[in-house]
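Just so you know, these numbers come straight off a predicted model, no measurement behind them.
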Amino acid sequence: MCSSLLQISPCTGSRPLGGKPHAAAEFVFNRKNFGVNWKGMSKSPCRSASNQWRKFFVLSQCCKDCQTPTLKLRDFYASFDKQCSLKRKAQEVASCLEERCIFLVGMMGSGKTTVGKVLAEALGYSFVDSDVYVEKAVGGTSVTQIFNKYGEKFFRDNESEALQELSLMPKQVVATGGGAVIRAINWHYMKQGITVYLDVPLDTLARRIAAVGTNSRPLLHFDSGDPYTAAFVGLFTISKKRSDSYANADARVSLHYLAANMGLEDISDLTPTAIAMEVLVQIEKHLKGNGDISTPTPA
């Protein structure tokens with residue numbers, strides 16, 4: 001099968017950073033697939049002396065009847081540039097964080113774990129899921145099993161202990177359980193760092209949860225009925241009890257406003273990278289004493 005090899009190196013100025021490429025990617029194209037393998041990626045691929053980037057391409061082993069998938073290349077570069085922007089913003093914010101932890105709060109299904117991992121990688125922090133932390137502390141038992149066997153209070157007690165321990169550890173991004181906000185003592189622990197509320201519309205949450213099922217959501221598990229309706233009703237009830245608590249967060253990221261600002265019709269089109277970037281922007285505003293966190297920055 002005909003294929004081509006494309007090597008890409010991001011550079012600045014008239015020559016690559018440090019005299020050699022900081023990253024190289026090999027693309028193998030053929031009629032049926034599109035693949036990419038990174039080689040020698042630097043931990044700081046986006047460090048530059050200016051904001052102007054130049055790409056150098058070396059194309060070899062080309063067959064005249066092969067065509068480079070330019071659309072996918074364009075998508076790749078758009079994604080790469082966004083990741084570079086995220087890394088630069090993370091470096092700016094990290095200098096102000098002084099190694100404090102970031103606690104992500106929000107309803108179940110709001111994307112705390114997914115966004116948290118992206119955020120931690122950009123900041124050079126460790127990532128911790130507080131639910132997983134509790135599960136390990138209880139001997140590897142799942143949250144659902146803990147609820148069923150020991151009850152919610154037992155879980156909440158262990159959750160508070162976990163947050164207390166995590167609040168003492170530097171440079172962590174912690175994805176908290178949806179109900180972690182209901183205990184005042186948990187806020188005492190989380191306020192040792194920076195708390196960020198991921199605000200996601202209930203309709204979006206219900207669709208996400210209905211798509212994957214409620215087996216891992218003990219407070220939303222229903223044996224029958226339409227999954228979306230059951231999830232939405234359950235989420236609505238829970239949100240009424242927790243909305244005031246979420247308002248205690250230092251910063252708020254509204255996915256509804258973020259999507260609208262970026263010209264997206266569906267919140268599901270937001271990428272974890274875009275959300276992580278907005279988290280950093282809102283943290284920066286908080287650290288600089290800017291209380292207006294209702295409207296996200298332009299994309």
Side-chain angles (χ1 to χ4, degrees), residues 5-29 34-59 68-97 99 102 104 111-127 171-173 194 196 198 251 253 255 258-259 261-264 269-288 296-299:
L5 175 65
L6 179 63
Q7 290 186 322
I8 302 172
S9 300
C11 306
T12 56
S14 60
R15 63 185 178 86
L17 292 171
K20 61 181 181 180
H22 265 250
E26 281 191 358
F27 292 80
V28 179
F29 304 125
F34 169 71
V36 55
N37 293 308
W38 283 101
K39 282 189 173 182
M41 171 61 82
S42 166
K43 291 184 178 180
S44 301
C46 306
R47 178 172 56 85
S48 64
S50 69
N51 292 327
Q52 301 299 320
W53 284 75
R54 295 172 56 193
K55 279 79 175 180
F56 293 82
F57 304 85
V58 177
L59 184 63
T68 301
T70 56
L71 180 59
K72 289 184 178 181
L73 270 176
R74 191 180 305 119
D75 290 342
F76 166 77
Y77 275 117
S79 175
F80 183 78
D81 287 342
K82 289 176 181 177
Q83 290 175 20
C84 286
S85 297
L86 177 65
K87 186 67 177 179
R88 286 193 293 270
K89 175 58 69 174
Q91 291 173 342
E92 295 172 7
V93 175
S95 62
C96 302
L97 279 172
E99 299 190 349
I102 296 172
L104 300 179
K112 299 184 294 292
T113 297
T114 302
V115 174
K117 290 178 179 179
V118 174
L119 189 62
E121 182 178 358
L123 287 166
Y125 275 29
S126 299
F127 172 77
K171 302 182 67 174
Q172 307 254 7
V173 174
I194 306 295
V196 182
L198 297 186
V253 172
L255 269 63
L258 180 59
N261 185 261
M262 296 181 67
L264 301 175
D269 292 331
L270 285 170
T271 65
T273 298
I275 300 171
M277 172 65 86
E278 189 61 27
V279 169
L280 291 172
V281 168
Q282 298 304 338
I283 289 176
E284 186 175 46
K285 285 185 178 181
H286 167 71
L287 294 174
K288 291 181 177 180
T297 57

Legend entry - Spatial distance of atom CG (L104) from atom CG (L198) [nearest 0.5 Å]: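 Separation between the atoms: 5.5 Å.
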Legend entry - Minimum heavy-atom distance A122-A90, with the two atoms named: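 Between these two residues, the closest heavy atoms are O-CB, 3.4 Å.
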Inset, instruction - Could you tell me the separation between the CD atom of Q172 and the CG atom of L123, rounded to the nearest 0.5 Å? - result: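 If I round to the nearest 0.5 Å, the distance is 12.0 Å.
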Legend entry - Nearest heavy atoms of L287 and C96, plus distance in Å: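 For L287 versus C96, the nearest heavy atoms are CD1-CB, 3.7 Å.
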Legend entry - side-chain contact (heavy atoms from CB on, under 4.5 Å) partner of V279, chosen from L86, V173, V253: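 Passing option: V253.
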Inset, instruction - Hey, could you give me the CD/CG distance between E278 and L270, rounded to the nearest 0.5 Å? - result: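 E278 atom CD to L270 atom CG measures 10.0 Å (nearest 0.5 Å).
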Inset, instruction - Considering non-hydrogen atoms only, spot the tightest contact between A120 and F127 and give its length. - result: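 For A120 and F127, the tightest heavy-atom pair comes out as CB-CB, 3.9 Å.
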Inset, instruction - Give, for atom CG of L280 and atom NZ of K87, the distance between the pair rounded to the nearest 0.5 Å. - result: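 Answer for the CG-NZ pair, L280 versus K87, is 11.0 Å.
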Inset, instruction - Rounded to the nearest 0.5 Å, what's the gap from NZ on K89 to CE on M277? Could you check? - result: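 Here the interatomic distance stands at 7.0 Å.
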Inset, instruction - Run the numbers on Q282 and V196 for side chain to side chain contact (heavy atoms under 4.5 Å, CB included), then give the verdict. - result: CA-CA 8 Å; Q282 298 304 338; V196 182; 5.6 Å; no
Legend entry - Minimum-distance pair of heavy atoms, taken over all atoms of A276 and V118: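 Closest pair (atom of A276, atom of V118, distance): CB-CG1, 3.9 Å.
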